[in-house]
Amino acid sequence: MKFSVIGGGPAGLYFSLLMKKACPQHEVKLWERNRPNDTFGWGVVFSNETLGNLERADPESFARITEAFAYWDDIDTHFAGKMIRSSGHGFCGLARRQLLQILQERCAEVGVHMQFSHECSDPTQFADADVVIAADGINSLVRSTFAEHFKPSVEINEAKFIWLGTDKRLQAFTFIIRENADGLFQVHAYPFDSKTSTFIVETDSETWARAGFDKKTTEQSVAYLEELFAPELDGHKLLTNKSIWRNFRTVKCERWSYNNFVLIGDAAHTAHFSIGSGTKLAMEDAICLVERLAPLSSPEGLQAALAQYYEDRWLDVAKLQRAARVSRTWFEEISRYKQFSPEQMVMSLLTRSKRVTYQNLRLRDAEYIAGYDRWFADNHGCTHIDPAPPPMFTPFAVRGMKLKNRVVVSPMCQYSAEDGLIDDWHLVHIGSRALGGAGLVLTEMTDVSREGRITPGCAGMYRPEHVAAWRRVVNFVHTHSEAKIGLQLAHAGRKAATKLMWDGMDEPLPPEQTADWPVISASAIPWTPQNQVPKAMDRADMDAVRDDFVRAVEMAQEAGFDMVELHFAHGYLLSSFISPLSNTRTDEYGGSLENRMRFALEVFDAARAAWPEDKPMFVRISATDWVPGGVDGNEAVEIAKMLKAHGCDVVDVSAGQTSTEAQPIYGRMFQTPFSDRIRNEAHIPTMAVGNIQGWDHVNTIIASGRADLCALARPHLRDPYLTLHAAIDQGYDGEAVFWPKQYLSSKPPRS
């Protein structure tokens with residue numbers, strides 16, 4: 001078989017080497033536009049996982065690559081006049097030019113024909129090849145020529161960057177975050193040989209323009225940056241190599257092959273330099289593609305092999321691109337963290353992509369985490385505690401309520417009440433989780449009227465009997481635990497009058513059960529075509545609902561709750577006013593965000609006035625509708641600012657569930673970025689929720705300043721004693737966790 005490889009970067013060279021090595025009988029020709037010793041860029045970095053793959057694929061090139069490596073273990077971050085080091089990260093890298101030379105030598109040894117200084121202007125010139133490997137990089141001619149088949153998307157990222165080098169040999173992976181009169185700049189830098197380091201400078205477009213880089217030559221840009229980063233360069237120079245200011249481009253393709261053309265490396269996908277995985281992805285593409293093509297003795301079976309190559313690789317690439325997107329976004333939005341102390345800035349940076357967590361860092365560098373725990377504890381009222389507790393076991397106070405730790409049992413509907421009246425199930429459900437050590441336990445969504453229930457089994461706070469039933473639960477929590485307990489209040493709106501969850505989530509009740517169950521909403525838009533068409537609320541309806549919330553808040557005080565949370569999320573009544581997808585009103589309650597928030601704020605103000613001044617009031621919001629044209633992150637920040645101005649104490653940041661058209665992006669801690677943004681742009685305490693899977697996630701979120709509290713739902717269903725078990729797992733035995741005396745015999749002894 002004949003293989004033509006377009007592009008002599010790491011992807012093309014490594015494929016050629018492995019293919020010829022695996023199948024010497026095949027013809028492998030590589031075509032490269034540049035000369036053999038040309039290279040653009042500086043160093044490349046590898047992880048231990050990638051090294052294992054390279055060693056298995058070709059031990060000879062692996063040995064030469066590793067002999068050339070520069071090794072380092074640390075990450076140094078410079079911010080606000082302080083340098084903080086964390087260790088145990090295990091980096092290794094080498095010059096890109098040296099990597100190419102090693103691969104070129106190996107290709108020559110195994111018999112690859114390499115043609116340099118050859119410009120490919122038309123991919124069809126390789127029509128005689130059985131397979132054409134498009135390793136022609138981010139500007140792939142093959143990809144653009146056959147774009148209708150590969151279906152690429154190219155996202156132009158927001159920040160500006162310039163890829164430089166320096167003749168200073170750094171001792172660690174180095175981040176520098178510096179502000180001057182023009183704005184905020186950051187550096188991504190790392191060593192790659194005995195005397196040279198990569199030095200990438202990045203900034204936002206506004207800062208770039210204020211600094212005049214749009215008018216500066218490369219030499220003038222370098223002079224500006226040498227002066228800005230003089231303390232770290234220590235007299236050394238910045239070096240250029242085709243260095244220009246540009247925007248990073250994120251490339252994705254729906255397909256990676258067409259006929260006998262196949263994309264690998266940057267031609268198929270890119271990952272932002274802040275996680276340094278472009279070369280890794282390219283070389284691992286090559287390994288996988290060779291594994292699929294080597295068994296072929298003829299073009300028969302080629303399409304199946306190329307399809308399997310895609311199936312083998314797309315998920316790993318998608319995961320890494322998602323991590324790269326999160327990492328890239330952190331740097332693009334770094335200005336929101338300017339007020340952070342250096343300690344928290346570093347923690348936020350290290351955990352930015354979610355691939356590294358608090359526990360990962362503790363395993364890598366226990367001394368660094370011990371120092372961070374001390375700093376965090378000292379800044380959150382725990383100077384008297386030694387050793388310092390993990391961040392999740394620091395207290396949190398709001399108004400007159402003080403929580404012993406940052407763990408919250410999230411509201412979880414049980415669908416087990418009768419006309420809103422809870423029973424022993426709820427006592428055991430809530431009581432057992434209070435005994436489990438959480439700082440705060442929230443009730444399930446509790447409705448302020450009979451018509452406001454989602455289902456016939458939903459809990460309520462609208463009849464006198466409800467107060468006594470809830471007081472029994474509250475008294476148990478207060479008597480037998482040190483947890484606080486809060487009541488979440490809501491009205492289901494257009495999502496009312498539906499079946500119990502296990503009978504059909506959101507499915508409407510049969511007509512005979514809804515004759516006296518009117519449904520209301522901001523506008524006459526049903527949740528689905530099968531659900532009731534709600535009445536668009538008039539002023540009388542608004543007054544009645546507002547008064548229902550006030551009555552429920554007064555009943556919550558009578559029952560002894562420590563706090564209340566108003567539900568402005570998930571498509572329920574107040575949420576239906578906030579989202580433009582469900583609010584098409586043309587009066588003063590529709591249109592602009594200010595108008596759409598008007599009724600929800602009227603309810604909040606009335607409820608807040610009826611609630612004791614020393615007790616906090618939270619609000620849960622959907623920070624995005626996950627639908628174009630709906631609420632997004634920008635509006636979520638404005639919503640939080642409005643709530644703060646009206647006296648809201650904590651924003652409980654959820655997302656979605658407001659439209660059946662939603663396309664959420666799931667993953668670990670997937671809603672936490674919304675909490676992060678609201679907390680650090682609206683400057684209001686937040687509670688994160690959404691696939692927070694355990695104590696490591698809680699510590700990561702709290703320590704990095706992405707939220708002040710973490711609410712966990714399903715993990716608490718699986719383990720009511722989650723917080724006690726988290727304390728055991730971390731060897732924590734302090735005052736932030738309460739053990740019932742009946743359970744003391746199971747408490748591990750002090751170490």
Side-chain angles (χ1 to χ4, degrees), residues 45 47 72-91 157-159 161 170-179 183-190 197-204 207 229 232 248 271-277 320 322-365 367-369 371-373 375-376 379 391 668-669 672-673 675-677 679-681 688 696-697 699-707:
V45 179
S47 67
W72 66 100
D73 205 41
D74 302 329
I75 295 177
D76 290 350
T77 305
H78 300 254
F79 175 63
K82 192 170 185 176
M83 191 279 282
I84 295 176
R85 170 169 291 178
S86 69
S87 299
H89 300 285
F91 295 108
N157 302 155
E158 295 180 8
F161 76 96
L170 297 168
Q171 301 303 308
F173 203 114
T174 302
F175 292 104
I176 309 168
I177 303 165
R178 173 140 312 132
E179 187 173 23
L184 200 64
F185 295 82
Q186 56 268 8
V187 168
H188 312 244
Y190 52 88
S197 302
T198 294
F199 201 91
I200 307 169
V201 183
E202 184 181 28
T203 190
D204 61 83
T207 298
F229 297 110
E232 291 77 25
F248 190 84
H272 191 255
F273 55 79
S274 64
I275 64 170
S277 295
L320 203 142
R322 179 180 296 179
R325 177 182 56 80
V326 174
S327 175
R328 183 233 329 151
T329 300
W330 189 92
F331 284 105
E332 289 177 345
E333 299 174 349
I334 194 172
S335 291
R336 95 168 44 125
Y337 309 113
K338 287 194 302 183
Q339 79 280 4
F340 276 13
S341 68
E343 291 81 2
Q344 193 155 58
M345 174 67 90
V346 172
M347 179 60 72
S348 181
L349 184 154
L350 293 175
T351 60
R352 67 193 181 278
S353 72
K354 299 189 288 188
R355 296 196 301 169
V356 174
T357 64
Y358 172 91
Q359 178 64 359
N360 294 148
L361 291 171
R362 186 163 74 166
L363 293 173
R364 297 179 188 200
D365 189 348
E367 183 177 352
Y368 165 71
I369 286 296
Y372 187 79
D373 286 350
W375 173 85
F376 193 91
N379 283 271
R668 297 177 301 151
M669 302 176 277
T672 299
S675 169
D676 182 347
R677 182 174 183 184
R679 181 182 188 270
N680 296 306
E681 291 186 17
D696 185 25
H697 286 180
N699 277 326
T700 302
I701 292 166
I702 300 302
S704 60
R706 293 179 168 91

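Positions are given from 1, in the same order as the sequence printed here. Here the structure is a predicted model, which means the values were calculated and not measured.
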request  = State which residues pass side-chain contact (heavy atoms from CB on, under 4.5 Å) with Ala189; sequence neighbours excluded, sorted by chain then number.
outcome  = Leu170, Thr174, Val187, Phe199
query = Which atoms form the tightest heavy-atom contact between Ala323 and Ser353, and what is the distance?
reply = O-CB, 3.6 Å
ask   = Are Val356 and His89 close enough that some pair of their side-chain heavy atoms sits under 4.5 Å apart?
value = no
note = Residues Trp72 and Gln171: closest non-hydrogen pair is CB-O, 3.9 Å
ask   = Between Asn379 and Trp375, is there a donor-acceptor pair closer than 3.5 Å when you use the side chain of the first and the backbone of the second?
value = yes
message = Testing the basics here: between Arg355 and Asn360, what is the closest heavy-atom pair and its distance to 0.1 Å?
response = O-OD1, 3.3 Å
message = Please tell me whether Arg328 and Ser274 have a donor and an acceptor in their side chains that are separated by less than 3.5 angstrom.
response = no
message = So, using side chain to side chain donor-acceptor pair (under 3.5 Å) as the criterion, who are the partners of His78 when residues are at least two apart?
response = none
request  = May I ask you to test the Met669-Arg706 pair for a side-chain heavy-atom distance under 4.5 Å?
outcome  = no
key: Minimum heavy-atom distance Thr357-Lys354, with the two atoms named   = CG2-O, 4.0 Å
task = Quick one: list whatever passes salt bridge (Lys or Arg N to Asp or Glu O under 4.0 Å) with Asp696, sequence neighbours left out.
result = none
key: Gln339: side-chain contact (heavy atoms from CB on, under 4.5 Å) partners, not counting sequence neighbours   = Asn680, His683
Contacts of type salt bridge (Lys or Arg N to Asp or Glu O under 4.0 Å), residue Arg679, not counting sequence neighbours = Asp708
task = State which residues pass salt bridge (Lys or Arg N to Asp or Glu O under 4.0 Å) with Glu179; sequence neighbours excluded, sorted by chain then number.
result = Lys338
key: side chain to side chain donor-acceptor pair (under 3.5 Å) involving Ser348 - partner list, sequence neighbours excluded   = Trp330
remark   = Separation between CZ (Arg352) and CD (Glu333), nearest 0.5 Å, reads 14.0 Å
note = Across all chains, not counting sequence neighbours, the side chain to side chain donor-acceptor pair (under 3.5 Å) partners of Asp204 are Thr207
request  = List for me each residue that meets side chain to side chain donor-acceptor pair (under 3.5 Å) alongside Ser341, sequence neighbours excluded, and say none if there are none.
outcome  = Glu343
inquiry  = Using the side-chain contact (heavy atoms from CB on, under 4.5 Å) criterion, which residues pair with Pro391? Sequence neighbours excluded.
reply    = Tyr358, Asp373, Phe376, Asn699, Ile702, Ala703
note = Here the pair of heavy atoms bringing Phe331 nearest to Gln186 is O-NE2, 3.2 Å
query = Ring centres of Phe273 and Phe161 under 6.0 Å apart?
reply = yes
query = Considering residues at least two apart in sequence or located in another chain, which fulfil the side-chain contact (heavy atoms from CB on, under 4.5 Å) criterion with Ser87?
reply = Asp73, Asp74, Arg85, Asp365
task = Under the salt bridge (Lys or Arg N to Asp or Glu O under 4.0 Å) rule, collect the residues that match up with Glu681, sequence neighbours excluded.
result = Arg336, Arg677
ask   = Can you name the nearest heavy-atom pair linking Ser704 to Thr351, along with the distance?
value = CB-OG1, 3.7 Å
